[in-house]
> 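Got a structure for you, written out below as structure tokens; questions coming shortly.
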Amino acid sequence: MTWLRGLGISVPRHAVFTGSMDVEDGVPFDPPYVAKPDVSLGGKGERGLVRLCANREELGHAVRELLAEEVGGVPVSAVVVEEAVDGEEIYLSVSIDERSGPVLRLAGRGGVGFDAADAATVAPASFAPVLDRELQALVGAAGLVDESLIRQVKHAAEVLWRAFLVSEATLLELNPIRWDGRMATAVGAALEFDDNARASARAFWPIVDEGPEARLGRPATPREAHVAAVSAMEPNTPASSFIEIGGDVAMLMVGGGAGLVSYDRLREHGLSPACIADHSPGAGELKLRALIDAGLAVPGVRGAIFGAVVISLADTVPYARALVDAVRGAGVNLETFPVVVRLAGPNEDEAHHVLESLPGLVVLGREVTIEGACDVLAELLPAVGGTS
């Protein structure tokens, strides 16, 4: 949020707390408050990790609870506390579209569960300033009518577009922006940067991610190192990352929100996720295949789940093709090593046709939730050795 404020985007006042800090007396602004883990993964709201607190006593209790949590297998070490902001919710983002390149997306609604595919879209000329007529078309298509709101959203979109280009980001998302009739404030943000970006672009990043050693405090495993090496082979496309967390199920759910939901559901069944995968739209099949290969090769895994919530920014067919090729290449016996696929998004019918070319894969569509797909895998795994 500090990075966004530096760009000129309105954000809530905030403070960061660890277990050794006095929460009740250390917040420099008045209630109500919002508390959430200081982690980069999405889906915190769906997981119940965003807490609204009416006073400092409730805040202290919430912060202590959150510091006792794990997110994606990693302990929470810090909690962000923000001033609560109410109002109508708006969605704004810049991301990579595999067909159009960088695109701006805007919607007059947003929040938890909002699908970016439902937003109005404009694709300015690549690496050129966004034009006012393009912004005007965007806010018109999104249905915004209040002149003050339009002025603030256009400013935020222009700033976000410039920051996206300069920092070589893969996603800059404000969701939601809350409009209280006076001020448009970004209360939620997702920021993703290309690990293969140039040094000049990295200088604009809020935080430089230095890989598993920095995130987990240990050397990379051979599979983590392989994914990083393959990612570096194509420096002009978004990077992929892979982290092992020591479990028995290859969790290859692409996207932070899907990963968190899957992690929780698998744990409810007594299963232990073995890895966290991150593959951005536009990264390509080579990097995706390396992720899947790594997940299937983690020692001790006895099943896998693959897919995403709803892929809105990329064709699903390459995802299906990469999985089928990886399973075949690994020589997996699907009778004893169940693989459940839950894939939805553009061209999903064709993607399912590709998946069904490999007998034994359990193929699910958008009619089944991510949690439901985890349930299916849990039903299959006891037949091959029981849950831990």
Side-chain angles (χ1 to χ4, degrees), residues 1-5 11-86 89 110-114 173-176 178 185-192 206-207 209 212 214-218 243 245-247 251 253 255-269 271-273 275-276 278 309 370-371 374:
M1 286 300 186
T2 301
W3 188 71
L4 292 174
R5 179 182 288 114
V11 300
R13 288 178 293 176
H14 73 282
V16 180
F17 293 90
T18 64
S20 61
M21 302 172 70
D22 187 346
V23 178
E24 286 84 347
D25 296 328
V27 186
F29 44 87
D30 294 329
Y33 307 108
V34 174
K36 53 191 174 183
D38 187 15
V39 296
S40 60
L41 292 175
K44 294 186 283 291
E46 296 97 322
R47 193 176 185 265
L49 293 174
V50 178
R51 310 288 176 82
L52 180 62
C53 307
N55 52 54
R56 292 175 185 264
E57 183 180 357
E58 287 184 13
L59 178 64
H61 181 68
V63 169
R64 286 186 286 272
E65 280 191 342
L66 291 172
L67 287 169
E69 292 276 357
E70 286 188 355
V71 177
V74 179
V76 173
S77 60
V79 174
V80 176
V81 176
E82 298 175 351
E83 57 181 344
V85 178
D86 199 11
E89 295 187 332
V112 176
F114 177 75
E173 178 184 82
L174 306 182
N175 183 35
R178 288 218 172 100
T185 304
V187 300
L191 312 176
E192 296 180 5
I207 298 174
D209 187 349
R215 282 174 285 190
L216 301 179
R218 60 165 174 78
I243 302 174
I245 54 177
M251 190 180 72
M253 301 303 294
L260 287 179
V261 170
S262 300
Y263 180 89
D264 287 343
R265 193 65 159 210
L266 292 171
R267 291 292 295 268
E268 288 176 10
H269 286 293
L271 302 175
S272 180
C275 55
I276 299 172
D278 187 10
V309 178
I370 294 297
E371 294 94 334
C374 293

> Could you work out, with side chain to side chain contact (heavy atoms under 4.5 Å, CB included) as the rule, every residue matching Glu173, not counting sequence neighbours?
Tyr91, Ser93, Leu171, Asn175, Ala190
> Going by the side-chain contact (heavy atoms from CB on, under 4.5 Å) test, name the single residue among Val50, Val81, Val80, Val79 that passes it with Leu66.
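Result: among Val50, Val81, Val80, Val79, Val79 is the only option passing the side-chain contact (heavy atoms from CB on, under 4.5 Å) with Leu66.
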> Taking all atoms of both residues into account, what is the closest heavy-atom pair of Ala62 and Cys53, and its distance?
CB-SG, 3.7 Å
> Going by heavy atoms in the side chains, are Arg56 and Val27 under 4.5 Å from each other?
yes
> To the nearest 0.5 Å, tell me how far Asp264 CG sits from His269 NE2.
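Rounded to the nearest 0.5 Å, the CG-NE2 separation comes to 11.5 Å.
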> From Met253 CE over to Ser262 OG, what is the distance, rounded to the nearest 0.5 angstrom?
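Met253 atom CE to Ser262 atom OG measures 4.0 Å (nearest 0.5 Å).
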> Is the closest side-chain donor-acceptor distance between Glu57 and His61 under 3.5 Å?
no
> Drop me the distance from Arg13's CZ to Thr185's OG1, to the nearest 0.5 angstrom.
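If we round to the nearest 0.5 Å, Arg13:CZ and Thr185:OG1 are 11.0 Å apart.
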> Checking Pro273 now: which residues fulfil side chain to side chain contact (heavy atoms under 4.5 Å, CB included) with it, not counting sequence neighbours?
Ile245, Met251, Tyr263, Leu266, Arg267
> Quick check for you: to the nearest 0.5 Å, what is the distance between Glu83 atom CD and Tyr33 atom OH?
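That separation rounds to 10.0 Å.
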> Just to verify, what does Ala54 make a side chain to side chain contact (heavy atoms under 4.5 Å, CB included) with, not counting sequence neighbours?
Glu58
> Are any of the side-chain nitrogens in Glu89 or Arg178 under 4.0 Å away from the carboxylate oxygens of its partner?
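A salt bridge links Glu89 with Arg178.
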> Glu268: what forms a side chain to side chain donor-acceptor pair (under 3.5 Å) with it, not counting sequence neighbours?
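With sequence neighbours excluded, Glu268 shows a side chain to side chain donor-acceptor pair (under 3.5 Å) to no residue whatsoever.
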> Who pairs with Glu371 by salt bridge (Lys or Arg N to Asp or Glu O under 4.0 Å), at least two apart in sequence or on another chain?
none
> What I'd like to find out is whether the side chain of Val34 reaches to under 4.5 Å of the side chain of Val187, using heavy atoms alone.
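When only atoms from C-beta onward are counted, Val187 and Val34 do not touch, as no gap falls below 4.5 Å.
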> Any chance you could measure Leu174, atom CG, to Leu191, atom CG, to the nearest 0.5 Å?
8.0 Å
